[in-house]
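Whatever order the structure lists them in is the order used to number ligands and atoms, beginning at 1. All values below come from the heavy atoms of this structure, side chains included, with hydrogens, waters and symmetry mates left out.
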Amino acid sequence: MYEAVKNLHSYWAYLVLLILIVAVANALIKTFGDKEYEAKDFRISLFTLIVSHLQLLIGLVLYFVSPRFQVFSELGMGGVMKDAVNRLYLVEHPLVNIIAIALITIGYSKHKKKLTSNAKLKTIAVFYTLALVLLLSRIPWNTWLG
Ligand code: HEM
């Protein structure tokens, strides 16, 4: 169970990063180029929302089935916070990524309510860029790519 969920979370992360980078680049290029908002832009931002929400669900399951979770009962909250690796997996990565996905959700719903092309694209550009920066800041790169 643990291995399967971990692998899924690990591979799904490629999809999340890929689609988020595409959405950010697309929104930035079209915002600065003063381009029209089209059906394609809507589909990219919606797809990013769905893919990232699925990662959130997979991540939540992984959190509780991972053997890392038992470190809480072994070391306590103080012990977890004192160790950089445990803190990253059990506190920083989940918390910061939940905030990032919340930003994607807020950006998505705000952009839908805007009335002009530029306002829609700018909203996606700002919120999705912030989310991308947060995600990149808290990925456990060593174990993922190593
Ligand atoms: C879009 C958001 C997220 C991305 C891109 C992401 C990506 C990743 C990556 C690349 C790893 C390393 C996998 C490996 O070592 O093979 C990982 C590990 C992990 N993630 Fe996420 N994650 C996200 C959200 C979350 C959330 C919201 C939670 C929990 C609520 C979570 C919980 C975990 C846990 C517990 C691990 C460590 C698993 C272990 O080594 O036992 N992730 N994540």
Side-chain angles (χ1 to χ4, degrees), residues 1-32 35 37-114 118-146:
M1 169 76 172
Y2 163 62
E3 283 299 327
V5 179
K6 190 183 153 174
N7 282 334
L8 184 62
H9 190 72
S10 181
Y11 285 116
W12 201 259
Y14 286 103
L15 198 60
V16 175
L17 284 187
L18 190 76
I19 182 69
L20 186 56
I21 288 168
V22 168
V24 164
N26 180 65
L28 284 173
I29 290 166
K30 292 191 96 167
T31 302
F32 287 113
K35 295 282 195 303
Y37 177 86
E38 301 163 315
K40 190 195 75 181
D41 304 308
F42 175 74
R43 281 198 292 269
I44 293 176
S45 45
L46 177 61
F47 193 56
T48 309
L49 179 80
I50 295 169
V51 168
S52 58
H53 276 236
L54 285 172
Q55 182 72 330
L56 172 67
L57 293 182
I58 303 165
L60 278 173
V61 175
L62 180 59
Y63 194 83
F64 296 105
V65 300
S66 169
R68 293 183 192 278
F69 185 64
Q70 285 147 28
V71 175
F72 272 121
S73 42
E74 284 158 22
L75 300 180
M77 191 63 189
V80 167
M81 294 304 278
K82 274 196 207 105
D83 177 69
V85 175
N86 283 323
R87 194 171 63 232
L88 174 64
Y89 281 106
L90 292 170
V91 183
E92 295 174 354
H93 173 79
L95 202 65
V96 172
N97 286 0
I98 288 172
I99 295 170
I101 294 169
L103 285 172
I104 292 176
T105 315
I106 296 166
Y108 176 80
S109 49
K110 274 189 181 298
H111 106 284
K112 282 215 313 193
K113 298 193 192 107
K114 302 282 183 201
N118 199 256
K120 280 178 180 294
L121 291 162
K122 201 164 87 185
T123 307
I124 291 292
V126 169
F127 281 87
Y128 282 32
T129 302
L130 272 174
L132 179 60
V133 171
L134 289 183
L135 281 192
L136 291 177
S137 78
R138 288 299 176 275
I139 282 183
W141 295 103
N142 296 341
T143 51
W144 192 31
L145 302 173

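- When the heavy-atom distances from atom 30 (C) of ligand 1 to Leu88, Leu60, Leu90 are ranked, the shortest goes to Leu60.
- Under the 3.5 Å distance criterion, the side-chain polar atoms of Gln55 are left unmatched by any main-chain donor or acceptor of Val16.
- Expressed to the nearest 0.5 Å, how far CD1 of Ile104 lies from CD1 of Ile124 amounts to 9.5 Å.
- Evaluation of the side-chain hydrogen bond (donor to acceptor under 3.5 Å, both in side chains) test over residues 95-109, restricted to residues two or more places apart or in two chains, returns His53-Thr105, His93-Asn97.
- A salt bridge (charged side-chain N to carboxylate O under 4.0 Å, His left out) check over residues 80-103, counting only residues at least two apart or in different chains, returns the pairs Arg87-Glu92, Glu92-Arg138.
- For Trp144 and Tyr14, the distance between ring centers is under 6.0 angstrom.
- Distances below 4.0 Å separate heavy atoms of Leu56 from the following atoms of ligand 1: 27 (C).
- Geometrically, ligand 1 and Ser10 share a nitrogen or oxygen pair separated by less than 3.5 Å.
- Distance from atom 40 (O) of ligand 1 to its nearest protein heavy atom, with residue and atom name: Arg68 NE, 2.9 Å.
- The nearest protein atom to atom 35 (C) of ligand 1, hydrogens excluded, is given as Tyr63 CA, 3.8 Å; this is a heavy-atom distance.
- One finds a salt bridge joining Asp41 and Lys30 here, because a Lys/Arg side-chain nitrogen approaches an Asp/Glu carboxylate oxygen to under 4.0 Å.
- Counting atoms of ligand 1 from 1 in the listed order, those under 4.0 Å from a heavy atom of Val16 are 1 (C).
- Protein N, O or S atom count below 2.8 Å of atom 21 (Fe) of ligand 1: the structure gives 2.
- Phe127 and His111 have their aromatic ring centers separated by at least 6.0 angstrom.
- Looking at every heavy atom in both residues, Leu90 comes nearest to Tyr63 through O-OH, 2.6 Å.
- Side-chain contact, Thr143 with Tyr89: a donor N or O sits under 3.5 Å from an acceptor N or O.
- Between Ile101 atom CD1 and Leu135 atom CG the span is 6.5 Å, to the nearest 0.5 Å.
- Looking at residues two or more places apart in sequence or on another chain, you find a side-chain contact (heavy atoms from CB on, under 4.5 Å) between Phe32 and Leu28.
- Residue contacts with ligand 1 include Tyr2, since one of its heavy atoms falls under 4.0 Å from the ligand.
- Contacts between Thr143 and ligand 1 below 4.0 angstrom, taking non-hydrogen atoms only, involve backbone and side chain alike.
- Remark: minimum distance from atom 37 (C) of ligand 1 to any protein heavy atom is reached at Tyr89 CD2, 3.3 Å.
- Interface atoms of ligand 1 facing Ser66, defined by a heavy-atom separation under 4.0 Å, are 39 (C), 41 (O).
- Only the side chain of Leu135 comes within contact range of ligand 1, with a heavy atom under 4.0 Å; no backbone atom does.
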